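As structure tokens, the structure follows; a few thoughts come after it.
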Amino acid sequence: MLLSALRLPTSIRLTPSWVCGSSRSFMDLKSLLSSLNDFASLSFAESWDNVGLLVEPSPPHTVRTLFLTNDLTEAVMDEALQKKADLILSYHPPIFRAMKCVTWKTWKERLVIRALENRVAIYSPHTAYDAAPQGVNTWLAKGLGACSTRPIHPSKALTCPTEGAHRLEVNVSHTQDLDKVMSAVKGIGDVSVTSFPARRDGEEETRISLNCTQKALMRVLTFLSQNQQLYEKTEILSLEKSPQSKLWPCALVLGAAFYKE
């Protein structure tokens, strides 16, 4: 968990809306929200997510101390109040579903009460920070080495899988590399492997396709990350059964593709 009190303007670029005192700087909440949106627009967030300003004290509200956290719990709120925070930026939204009342009964309701009583705003970026250029997803993709990525979009699988919760496909150019990859993945349990000829950019390659469990997928990815010279392209698909049937008449696919530069 990330817990830190950030004195402005430690990591936020100075703008004309800043007012600088002799010992510290401060910023109007609305101006600060505009700067946060410039960094990662809330339009990047998923439709199901609850992002943006979740708790707003009565205006005008001045922010002198910005408190950062991964999850806003009651213990984190205690620390934020000790640091005299004016705004809490919580990566995960502490308020996700609609509240029918605000009482002292549940911890999430208590967070709202304490924030308002102490004039502390709460802001959550979540998936907006994930999808923003150079955001969380870009940072995670760097662990795969030099590659370009594209967003995940729902589609239908071309074939109906009979086993496994995930499908991973890679392109291999050379016969000796193909033998190494096939030997490695076949040695991992809970993996079903097939291969077929493929062409990419006019070059003859072999496409390896395997269905596997999530645990086996982690082992396959570990092998690939340690042997990046063996393959040219990777696609990871999450397979889901059709809600209309207990069988596999179709599979919804959430795919993430990685192309080595």
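This is a predicted model, so every value here is computed, not measured. Here, residue 1 is the first one in the sequence, and each next residue gets the next number.
- In terms of heavy-atom proximity, Lys108 sits nearest to Pro94 at CD-O, 3.1 Å.
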Exercise for the section: Kindly determine whether Asp78 and Arg114 satisfy side-chain contact (heavy atoms from CB on, under 4.5 Å), including the steps that lead there. Expected result: CA-CA 9 Å; Asp78 289 339; Arg114 297 182 68 191; 2.7 Å; yes

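- In this structure, Arg64 contributes its side chain and Phe26 its backbone to no donor-acceptor pair below 3.5 Å.
- Tracing side-chain contacts under 4.5 Å through hydrophobic residues (I, L, V, M, F, W, Y), one never reaches Phe96 starting from Val55; they form parts of separate clusters.
- More than 12 heavy atoms of other residues, nucleotides or ligands sit less than 6.0 Å from atom CD of Glu74.
- Under the ring-ring contact (aromatic ring centres under 6.0 Å, His included) criterion, His174 pairs with no residue at all, not counting sequence neighbours.
- Residue Asn171 holds its CG atom at 12.5 Å from CG of Asp177, rounded to the nearest 0.5 Å.
- Asn211 and Ser192 share no donor-acceptor pair across their side chains, judged by distance under 3.5 Å alone.
- Within the model, atoms CG of Asn137 and CG of Asp130 stand 5.0 Å from one another, a figure rounded to the nearest 0.5 Å.
- Checking side-chain atoms of Asn50 against main-chain N and O of Ile95 turns up a donor-acceptor pair under 3.5 Å.
- Around the NZ atom of Lys180, the shell of radius 6.0 Å holds no more than 12 heavy atoms that belong to other residues, nucleotides or ligands.
- When the options Val172, Leu210, Thr206 are evaluated for a side chain to side chain contact (heavy atoms under 4.5 Å, CB included) with Ser195, the one that passes is Thr206.
- Of the possible donor and acceptor atoms, one in the side chain of Thr127 sits under 3.5 Å from a partner among the backbone N and O of Glu46.
- Contact of the Leu36 side chain with the Leu89 side chain is registered, since non-hydrogen atoms from C-beta on lie closer than 4.5 Å.
- Nearest heavy atoms, Ala80 versus Ile88: CB-CD1, 3.7 Å.
- Between the NE2 atom in His61 and the CG atom in Leu32 there is a gap of 9.5 Å [rounded to 0.5 Å].
- A donor-acceptor pair under 3.5 Å is formed between the side chain of Arg119 and the backbone N or O of Ser58.
- Between Leu168 atom CG and Leu224 atom CG the span is 6.0 Å, to the nearest 0.5 Å.
- Ala40 approaches Ala132 most closely through the heavy-atom pair CB-CB, 3.7 Å.
- The distance from the CG atom of Leu87 to the CG atom of Leu66 is 5.0 Å, given to the nearest 0.5 Å.
- Applying the ring-ring contact (aromatic ring centres under 6.0 Å, His included) rule to pairs touching residues 32-54 yields Phe39-Tyr129, sequence neighbours excluded.
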Practice task
Report the C-alpha distance between Thr62 and Met27 in whole Å, list the side-chain angles of each, state the deciding distance to 0.1 Å, and finish with yes or no for side-chain contact (heavy atoms from CB on, under 4.5 Å).
Solution key: CA-CA 6 Å; Thr62 300; Met27 192 175 192; over 6 Å; no

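- The main-chain N or O of Pro93 is never found under 3.5 Å from a side-chain atom of Ser90 such that the two would form a donor-acceptor pair.
- The backbone N or O of Leu221 sits less than 3.5 Å from a side-chain atom of Ser225, completing a donor-acceptor pair.
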Exercise for the section: Report the C-alpha distance between Phe223 and Leu230 in whole Å, list the side-chain angles of each, state the deciding distance to 0.1 Å, and finish with yes or no for side-chain contact (heavy atoms from CB on, under 4.5 Å). Expected result: CA-CA 10 Å; Phe223 167 77; Leu230 300 180; 3.9 Å; yes

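- Panel note: side chain Ser124, backbone Tyr91; a donor-acceptor pair is recorded below 3.5 Å.
- Within the 3.5 Å criterion, the main-chain N or O of Thr213 finds no donor-acceptor partner in the side chain of Asp190.
- Rounding to the nearest 0.5 angstrom, the gap separating the CD atom in Glu169 from the OG atom in Ser209 is 4.0 Å.
- In this structure, Arg207 fails the cation-pi test against Phe196, since its NZ or CZ atom is not both closer than 6.0 Å to the six-membered ring centre and inside 45 degrees of the ring normal.
- Checked options Ile122, Leu33, Leu42; the residue passing with Leu53 is Leu33 (criterion: side chain to side chain contact (heavy atoms under 4.5 Å, CB included)).
- More than 12 heavy atoms of other residues, nucleotides or ligands sit less than 6.0 Å from atom CH2 of Trp107.
- For Thr103, the side chain to side chain contact (heavy atoms under 4.5 Å, CB included) partners are Cys101, Lys105, Glu109, not counting sequence neighbours.
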Exercise for the section: Carefully, step by step, assess Phe67 and Glu79 under the rule side-chain contact (heavy atoms from CB on, under 4.5 Å). Expected result: CA-CA 9 Å; Phe67 189 90; Glu79 184 178 348; 4.0 Å; yes

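- Although no hydrogens or angles enter the test, the distance criterion places no donor-acceptor pair under 3.5 Å between the side chain of Asp49 and the main chain of Ala45.
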